[in-house]
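Data first, discussion second: the structure below is written as structure tokens.
It should be emphasised that the depicted structure is a prediction, and the values quoted were computed from it without experimental measurement.
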Amino acid sequence: EEDNMRSQRFVFYYDGSCQFCSHIAMWLQRVDFRNKIHWVPFQHLSQPPNGLSWRDLRAASYLEISPSDLRPGFEALKCLVTKLPLLFPMIPFIWVLDKFGAGPAMYSWVAQRRALCCQC
């Protein structure tokens with residue numbers, strides 16, 4: 001099944017045991033009208049994707065562009081807004097966050113505090 005998942009164009013790995021992460025992934029999946037992305041809780045994997053550890057996957061979501069190109073956290077979000085047409089209006093906001101270096105810091109801040117809101 002994992003090989004079948006990777007045969008799709010993009011794979012988004014997230015923490016399925018985190019209510020916050022699962023809710024965001026479910027919302028993103030709903031706006032993925034063209035089914036460009038396979039949404040995978042990392043807990044469904046038998047081993048981490050190439051080059052990642054379980055610890056990496058617990059710390060951030062990842063978007064797999066190809067087996068050798070895994071984008072973490074904010075980089076994953078940056079790619080998602082360009083892949084999902086309903087998120088296109090967010091591109092200027094993401095661009096500003098990226099331009100001023102605030103995106104990765106904001107992502108990290110939220111990721112580190114998600115356990116406080118959802119008992120991850």
Taking all atoms of both residues into account, what is the closest heavy-atom pair of [X] and [Y], and its distance?
X: Pro67; Y: Leu70; result: O-CD1, 4.0 Å
X: Leu63; Y: Phe10; result: CD1-CB, 4.0 Å
X: Leu52; Y: Pro48; result: O-CB, 3.2 Å
X: Pro41; Y: Gly16; result: CB-CA, 3.7 Å
X: Leu57; Y: Tyr62; result: CD2-CD1, 3.9 Å
X: Ala59; Y: Ala111; result: O-CB, 3.8 Å

Could you give the distance from [atom1] ([X]) to [atom2] ([Y]), rounded to the nearest 0.5 Å?
X: Glu75; Y: Ser61; atom1: CD; atom2: OG; result: 11.5 Å
X: Leu28; Y: Ile37; atom1: CG; atom2: CD1; result: 7.5 Å
X: His23; Y: Cys18; atom1: NE2; atom2: SG; result: 11.0 Å
X: Phe42; Y: Gln47; atom1: CZ; atom2: CD; result: 14.5 Å
X: Ile24; Y: Leu80; atom1: CD1; atom2: CG; result: 11.5 Å
X: Asn50; Y: Glu64; atom1: CG; atom2: CD; result: 8.5 Å

Pro72 vs Tyr107 side-chain heavy atoms within contact, under 4.5 Å: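 A side-chain contact under 4.5 Å is absent here.
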Listed partners of Lys83 passing salt bridge (Lys or Arg N to Asp or Glu O under 4.0 Å), at least two apart: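 Salt bridge (Lys or Arg N to Asp or Glu O under 4.0 Å) list for Lys83, sorted by chain: empty.
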So, using salt bridge (Lys or Arg N to Asp or Glu O under 4.0 Å) as the criterion, who are the partners of Asp56 when residues are at least two apart?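 Here no residue qualifies.
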Can you sort out the partners of [X] under side chain to side chain contact (heavy atoms under 4.5 Å, CB included), two or more places apart, ordered by chain and number?
X: Thr82; result: Ile91
X: Arg30; result: Met26
X: Phe93; result: Leu97
X: Pro104; result: Phe74

Results of side chain to side chain donor-acceptor pair (under 3.5 Å) for Gln29 - residues two or more places apart only: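 Gln29 satisfies side chain to side chain donor-acceptor pair (under 3.5 Å) with no other residue.
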Got a sec, which pairs hit salt bridge (charged side-chain N to carboxylate O under 4.0 Å, His left out) with one end in residues 93-102, sequence neighbours left out?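 Every pair satisfying salt bridge (charged side-chain N to carboxylate O under 4.0 Å, His left out) with a residue in residues 93-102: Lys78-Asp98.
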Short side-chain to backbone donor-acceptor contact, Asp15 and Cys21, under 3.5 Å: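 Such a contact is absent between Asp15 side chain and Cys21 backbone.
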Which residues end up grouped with Trp95 if you chain together Ile, Leu, Val, Met, Phe, Trp and Tyr wherever their side-chain heavy atoms are less than 4.5 Å apart?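 Via sub-4.5 Å side-chain contacts, Trp95 links to Val96, Phe100.
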Applying ring pair (Phe, Tyr, Trp, His ring centres under 6.0 Å), can you list everything that pairs with Phe12, at least two apart in sequence or on another chain?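 Once residues adjacent in sequence are excluded, the partners of Phe12 under the ring pair (Phe, Tyr, Trp, His ring centres under 6.0 Å) criterion are Trp39.
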